[in-house]
Amino acid sequence: MVAYTFQWHVVPESAGALAHGLKLTLQLSAISFVLSLVLGLVVALCRLAPSRPLRALAYTYTQVFRALSLYVYVLFIYFGISAVFGINLGTFAAGVVALTLLNSAYMAEIYRAAIQSVDHGQREAALALGLGHTRTFSSVTFPQAGRVAVPGLVNQLVDIVKDSSIVAVIGLLDLMGTTIQLVSTERAPFELYTATAVAYIVLILAISAAAALLERRLARHVRGGGSGPSPLERMQRYRFGGRVPT
Amino acid sequence: MTEAAANEAAELDLGEEIVVAEGIHKSFNRGQKEREIHVLRGVDLKVAKGEVLVVIGPSGSGKSTLLRCLNFIAPPDAGSVTFLGHCLTGEVPRRRPAERMRYERDLRFYRTHIGMVFQHFNLFPHMTAADNVALGPTRALGLTRREAKERSLEELERVGMGEKARQYPSQLSGGQKQRVAIARALAMRPQLMLFDEATSALDPELIGGILEEMKRLAESGMTMIVVTHEMGFAREVGDRVLFMDEGVVVEEGGARDVIERPQNERTQAFLSAILS
Amino acid sequence: MTNVLAYEFAWGPVLDRWDLFLLGAWLDVWVTAISFVLACALGIGIAVLRLSGVRLLSAPAFAYVQILRGVPLLVFLYWVYFGVAIVIGLNFSPVQAGIVALTLTGSAYTAEIFRGGLQALDAGQAEASRSLGLSRTGTYRHVLLPQTLRIVIPPLGNVFIGLLKGATLLSIIAVSDMVSVANDLNINFFTPFEAFTAVAVILVALVAVFSAGVTVLERVLRLP
């Protein structure tokens with residue numbers, strides 16, 4: 001092994017810049033997460049709508065935006081779409097659009113599976129009580145489906161945070177982008193990339209821990225009241241498991 | 001009890017007793033204060049060659065765990081099991097490789113010579129009935145594929161499943177699955193058979209057939225330990241009955257005596273509840 | 001239409017270089033395949049350690065998965081290619097660095113999948129196998145893993161596709177895969193839309209082919 005002198009002092013010296021990058025990463029992730037939550041639900045509802053064209057459209061949406069990697073969407077949106085329509089999106093906006101399109105498609109599938117996992121009897125019972133279709137959905141089906149969907153949706157935030165690092169490729173100075181820039185001036189790639197990796201790990205472990213906590217609290221009241229959806233929950237997460245965020 | 005003393009005891013009984021268990025203790029979640037459950041609290045047991053011992057008792061009394069201690073699928077925390085003159089305790093000798101090897105060899109000896117039939121059959125779903133039966137003979141006894149295949153078909157034939165040899169477990173009914181499981185255990189040519197509530201998961205109309213199969217096996221001279229709730233079977237086929245409650249043997253005796261004239265209060269209460 | 005958009009579509013440069021695109025795609029595929037196989041091997045090992053019941057083995061396996069799942073692939077790639085290479089004084093080729101990063105990232109996912117697959121099996125399966133006198137290894141080989149395999153194929157298919165998508169990131173460290181071909185086109189001819197459309201089409205086709213492959217495999221292995 002070649003003797004290598006570590007220059008860990010570079011890390012605290014760059015802390016200010018890295019913190020600024022981290023802030024941008026958090027903003028990018030949070031905005032994309034919220035937009036995906038909303039858009040995903042809309043798409044999921046369209047997929048379960050009575051209207052056939054609407055269903056087909058929603059289906060196409062989920063297929064198209066799950067087909068490619070974030071990297072390709074980012075390049076496509078930032079370079080391709082911008083050039084064709086002659087607009088300059090900016091790196092942050094391009095990142096938000098790409099992250100939202102991709103993750104809303106995944107979230108739509110999570111919502112859909114959750115809604116479908118709610119026992120038929122629940123819907124029938126609500127309709128038998130004289131509740132309308134909308135009312136049945138909003139006060140019986142959705143609250144139950146929501147509990148099932150939450151773990152999957154929060155996991156999606158983990159993917160968003162990881163995926164967001166890719167926006168650095170088009171020059172956004174998020175955590176990763178800042179690190180790349182710092183490496184070119186400080187010449188301490190191992191130390192800086194390690195620090196950034198640790199920051200991502202800590203961030204993601206924190207989100208996972210919060211998700212686990214949330215899941216436990218929600219799981220408290222899911223069982224009981226007839227055949228609840230909770231056994232399905234495991235299966236679902238299993239099917240969705242294995243997406244490597246890129 | 002020390003190992004030497006256990007060995008001595010084993011030698012004295014040799015030829016008579018096939019299996020002797022002494023002072024068996026078993027806990028689950030050991031070392032986790034509040035979650036620890038002491039399932040077996042010092043159980044002794046002896047089974048002579050050709051004998052059918054029926055173990056009864058309320059659920060949670062430790063019957064199934066006792067069976068799993070005998071073939072070390074759940075090794076006992078304390079106590080010893082002597083089987084055909086070999087004495088084993090649950091303590092794994094970790095230090096010396098040679099001792100460790102000997103222990104592993106003994107374990108395999110126990111398991112290859114003790115057949116076990118489970119409540120939920122535990123057939124391997126990715127193998128046909130014939131392959132289920134042939135797995136042990138090829139992988140544990142070292143038979144060639146062809147020998148194992150022959151033996152497998154022979155055993156399946158014996159339990160009336162010859163025609164189903166090429167079916168997968170999912171294509172069989174509960175009763176058929178349990179027949180295959182019995183054939184799988186018998187294909188090892190065991191000295192002792194353990195039945196762990198073999199009929200509890202079956203539909204009522206299928207129970208009779210399996211009990212009939214077990215009775216036939218007992219009549220052929222097989223040594224058996226049977227955990228069951230079927231009192232009719234216990235009385236008719238069992239030589240001795242052992243009543244367990246809360247991890248200890250409460251009453252033991254001839255099958256008819258215990259079932260028809262139980263002495264202990266707890267036995268009386270259990271039997272009157274189950275027979276009414 | 002072109003006038004409205006003020007953008008001249010020019011498919012010529014892309015179509016002229018179809019062979020370069022396919023060569024680039026082929027590189028992505030074999031890099032993915034190698035990484036996937038390695039990630040599976042590593043993942044099985046980690047899953048077995050995780051389920052060993054021995055704290056000394058399961059705790060590091062747990063930590064491994066948690067830590068590796070927290071590192072974005074791009075960060076991993078830079079860390080290996082620029083960082084680790086300097087420290088150990090070894091010059092990775094970009095492809096080697098890519099395979100290392102993809103394998104390690106993938107292994108965290110495959111480990112969790114194999115663990116889930118093994119845990120999904122009924123405890124009675126291992127009991128029955130051991131009651132027949134099979135050794136621990138024999139039990140894994142003949143009873144547990146064949147059943148696990150059937151459970152894990154769909155999620156493993158997702159990992160493969162994920163790694164394939166991840167492999168396109170290699171263009172960032174100067175691997176000449178299909179995205180790098182598109183990047184060159186974009187720079188030389190300023191045809192970003194056409195270039196990245198080509199990448200998208202190829203990637204979608206590849207994903208479709210591999211998804212179909214997984215479905216076929218599932219059907220072949222399905223038990224009656």
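Note on naming: letters A, B, ... go to the chains in the order of the sequence lines (proteins, then strands), and numbering restarts at 1 for each one. Just so it is clear, the values below take in all heavy atoms, side chains as well, and ignore hydrogens, waters and symmetry mates.
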>> If you count heavy atoms of other groups shown closer than 6.0 angstrom to CZ of B:Arg189, is the number above 12?
In response: yes
> So with a 6.0 Å cut-off around CG of C:Asn91, is the heavy-atom count from everything else above 12?
Replying inline: no
>> For the interface with chain C, which of B:Gln167, B:His120, B:Arg184 has the highest count of heavy-atom pairs at distances below 4.5 Å?
In response: B:Arg184
> Quick one: what part of B:Phe118 sits under 4.5 Å from any heavy atom of chain C, side chain, backbone, both or neither?
Replying inline: side chain
>> Tell me the closest heavy-atom pair linking C:Gln125 and B:Leu123, and the distance in Å.
In response: NE2-O, 2.8 Å
> Between CG of C:Leu223 and CD of B:Gln171, what distance do you get to the nearest 0.5 Å?
Replying inline: 9.5 Å
> If you draw a 6.0 Å radius around CD in B:Glu91, do more than 12 non-hydrogen atoms from other residues or ligands fall strictly inside?
Replying inline: no
> Any residues in residues 56-66 of chain C near chain B, with a heavy-atom distance under 4.5 Å, and which are they?
Replying inline: none
>> I'd like to check B:Arg111 versus C:Leu132 (side-chain heavy atoms, cut-off strictly below 4.5 Å). Are they in contact?
In response: no
> What's the spacing between C:Leu134 CG and B:Leu135 CG if we round to 0.5 Å?
Replying inline: 5.0 Å
> Side-chain contact, heavy-atom cut-off 4.5 Å: C:Glu127 with B:Arg68?
Replying inline: yes
>> Taking side chain as everything from C-beta outward and backbone as N, CA, C, O, which of these in B:Ile114 sits under 4.5 Å from a heavy atom of chain C? Side chain, backbone, both or neither.
In response: backbone
> Residue by residue, which of residues 140-147 of chain C have a heavy atom closer than 4.5 Å to a heavy atom belonging to chain B?
Replying inline: C:Arg141, C:His142, C:Val143, C:Pro146, C:Gln147
> So which of C:Gly138, C:Ser135, C:Ala123 has the biggest tally of heavy-atom pairs under 4.5 Å with chain B?
Replying inline: C:Ser135
>> Quick check for you: to the nearest 0.5 Å, what is the distance between B:Asp196 atom CG and C:Ser131 atom OG?
In response: 11.0 Å
